[in-house]
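To start, the structure itself, in structure tokens.
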2 protein chains.
Amino acid sequence: MNPCKNHKACTNEALKNAEEICKKKGVKLTKLRETVLRLVWKSHGYVKAYDLLEDLKKIDNSAKPPTVYRSLDFLLEHGFIHKIQSLNAYVGCGHPNTHDNCYFLICNECQNIEEHCSKNINDIVTNTSEKINFLPNKITLEISGTCKECS
Amino acid sequence: MNPCKNHKACTNEALKNAEEICKKKGVKLTKLRETVLRLVWKSHGYVKAYDLLEDLKKIDNSAKPPTVYRSLDFLLEHGFIHKIQSLNAYVGCGHPNTHDNCYFLICNECQNIEEHCSKNINDIVTNTSEKINFLPNKITLEISGTCKECS
DNA sequence: AAGTAAATGTTATATTATAACATAATTGAT
DNA sequence: ATCAATTATGTTATAATATAACATTTACTT
Ligand SMILES: [Zn+2]
Ligand SMILES: [Zn+2]
Ligand SMILES: [Zn+2]
Ligand SMILES: [Zn+2]
């Protein structure tokens with residue numbers, strides 16, 4: 001797992017970023033959404049929706065699937081988290097101001113996810129797309145394997 | 001949707017390839033597996049597992065989820081089909097002998113999927129991986145958008 | 001033919017996600 | 001402040017995707 005020096009700092013920064021961006025956009029980071037974002041950030045690993053639900057129930061026993069999924073939808077929509085399609089799981093976004101061309105390195109051992117960005121992705125996609133006249137809209141690039149710590 | 005001139009030919013070639021590869025590998029393309037592969041190849045679009053199940057039921061009414069999923073697992077394992085992670089769907093592989101470094105262009109309008117291969121993908125991945133000592137194992141690259149015919 | 005392994009059949013259930021409708025909280029115009 | 005509209009949350013039910021576990025059949029090996 002990502003050996004960050006101070007994970008409270010990671011989490012707080014993510015929360016602060018989200019607050020700011022919401023303010024800028026004029027949307028609301030409600031208590032519930034903030035709580036869910038905080039729960040997603042409990043580590044640098046991915047989290048599953050129904051695990052979040054369990055966590056949320058510890059705080060508010062009346063939480064139900066839509067409680068979680070609605071918050072996830074909001075957080076996804078505004079780029080505060082990402083969905084890992086190959087795992088049906090979610091992970092906090094470490095750089096929500098500039099999260100284009102993202103891809104994910106997923107460690108099968110420790111569940112850590114590293115998010116990277118590279119213009120190169122777009123280059124591949126653009127090359128191919130232009131050649132065949134395909135209008136790209138959303139790119140999903142997920143690389144699973146073994147991270148430095150686990151190998 | 002892919003305007004192939006003769007889709008029966010596409011399907012038959014896929015089936016023939018699968019047969020050959022199975023023979024070479026010493027594994028069995030049973031009647032059931034062949035039927036499922038044929039059903040996956042009903043078009044160049046993606047198919048959903050439970051739609052396959054419905055199709056299969058028309059042939060053998062006793063088909064059940066494991067019937068489909070086991071065949072899908074076999075076909076995936078041997079590279080005759082691919083799973084589209086961002087859609088929880090499946091698509092036939094058009095070049096099962098050499099299906100490394102594949103990625104998928106998915107049309108949101110007509111469900112067509114074009115499978116491409118490029119060494120460039122590996123380059124990106126290898127670059128990043130070496131930099132951070134990540135041992136890549138499986139790459140998922142899926143690009144959704146609008147295809148030539150639909151734009 | 002008997003024994004083993006592989007494939008399929010069958011029942012049940014786990015996991016992931018959304019639909020539909022009810023209620024509450026917030027906003028914003030009058 | 002009041003009302004209406006919008007947004008968010010609560011709640012119940014169910015849809016959609018996938019696997020576990022065990023029984024039976026089929027194919028292979030000796
Ligand atoms: Zn951290
Ligand atoms: Zn990001
Ligand atoms: Zn065709
Ligand atoms: Zn392929």
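As the structure is a computational prediction, the values presented were derived from the model and not from experiment. Sequence lines set the chain letters: A, B, ... in the order given, protein chains first and strands last, and positions in each chain run from 1.
B/Y90 comes within 4.0 angstrom of sugar-phosphate atoms only, judged by non-hydrogen atoms across all strands, and of no base. Counting any heavy atom pair closer than 4.0 Å across all strands shown, B/K83 reaches sugar-phosphate atoms only and no base atom.
Taking 4.0 angstrom as the limit, A/K28 places none of its side-chain polar atoms (N or O) nearer than this to OP1 or OP2 of C/dT26. OP1 or OP2 of D/dA16 has not a single side-chain nitrogen or oxygen of B/N88 nearer than 4.0 Å.
One atom, NZ of B/K48, and another, P of D/dT17, lie 4 Å apart when rounded to the nearest Å. In this entry the distance linking CG of B/L75 with P of C/dT8 reads 10 Å, nearest Å. Straight-line distance from the NZ atom of B/K31 to the P atom of D/dA27: 14 Å, rounded to whole Å. Note: CG (B/L32) to P (C/dT10) measures 12 Å, nearest angstrom. The nearest whole Å value for the distance from the CG atom in B/L72 to the P atom in D/dT19 is 10 Å. Per the geometry, CD1 belonging to A/I59 stands 16 Å off C1' belonging to D/dT9, to the nearest Å. Counting to the nearest Å, the P atom of D/dA18 and the CD1 atom of B/I84 are 12 Å from each other. Following rounding to the nearest Å, B/K57 (NZ) and C/dT8 (P) show an atom-to-atom distance of 18 Å.
Other residues, nucleotides and ligands place more than 12 heavy atoms under 6.0 Å from the NZ atom of B/K25. No more than 12 heavy atoms of other residues, nucleotides or ligands sit less than 6.0 Å from atom NZ of B/K148.
Nearest to the side chain of A/D60, among C/dT10, D/dG10, C/dT16, sits D/dG10. Here the side chain of A/T67 is nearest to one of D/dG10, C/dA19, C/dA17, namely D/dG10. Among the nucleotides C/dT10, D/dT9, C/dT8, the one closest to the side chain of B/R33 is C/dT8. Comparing C/dT16, C/dT11, D/dA18 against the side chain of B/P66 picks out C/dT11 as the nearest. The side chain of B/T30 has C/dA7 as its nearest neighbour among D/dG10, C/dA7, C/dT16. Nearest to the side chain of B/A49, among D/dA18, D/dC22, C/dA20, sits D/dA18.
Checked against the 6.0 Å centroid criterion, the rings of A/Y90 and A/H82 do not qualify as a close aromatic pair.
Between the side chains of B/T140 and B/Q85, no donor-acceptor pair of N or O atoms lies under 3.5 Å. For the residue pair B/Y103/A/T128, the side-chain donor-acceptor check at 3.5 Å is satisfied.
Residues A/Y69 and B/K64 both approach DNA chain C. Their nearest nucleotides, taken by heavy-atom distance, put B/K64 toward the 5′ side.
On a pure distance criterion of 3.5 Å, no polar donor-acceptor pair joins the side chain of A/Y50 and the base of C/dA14.
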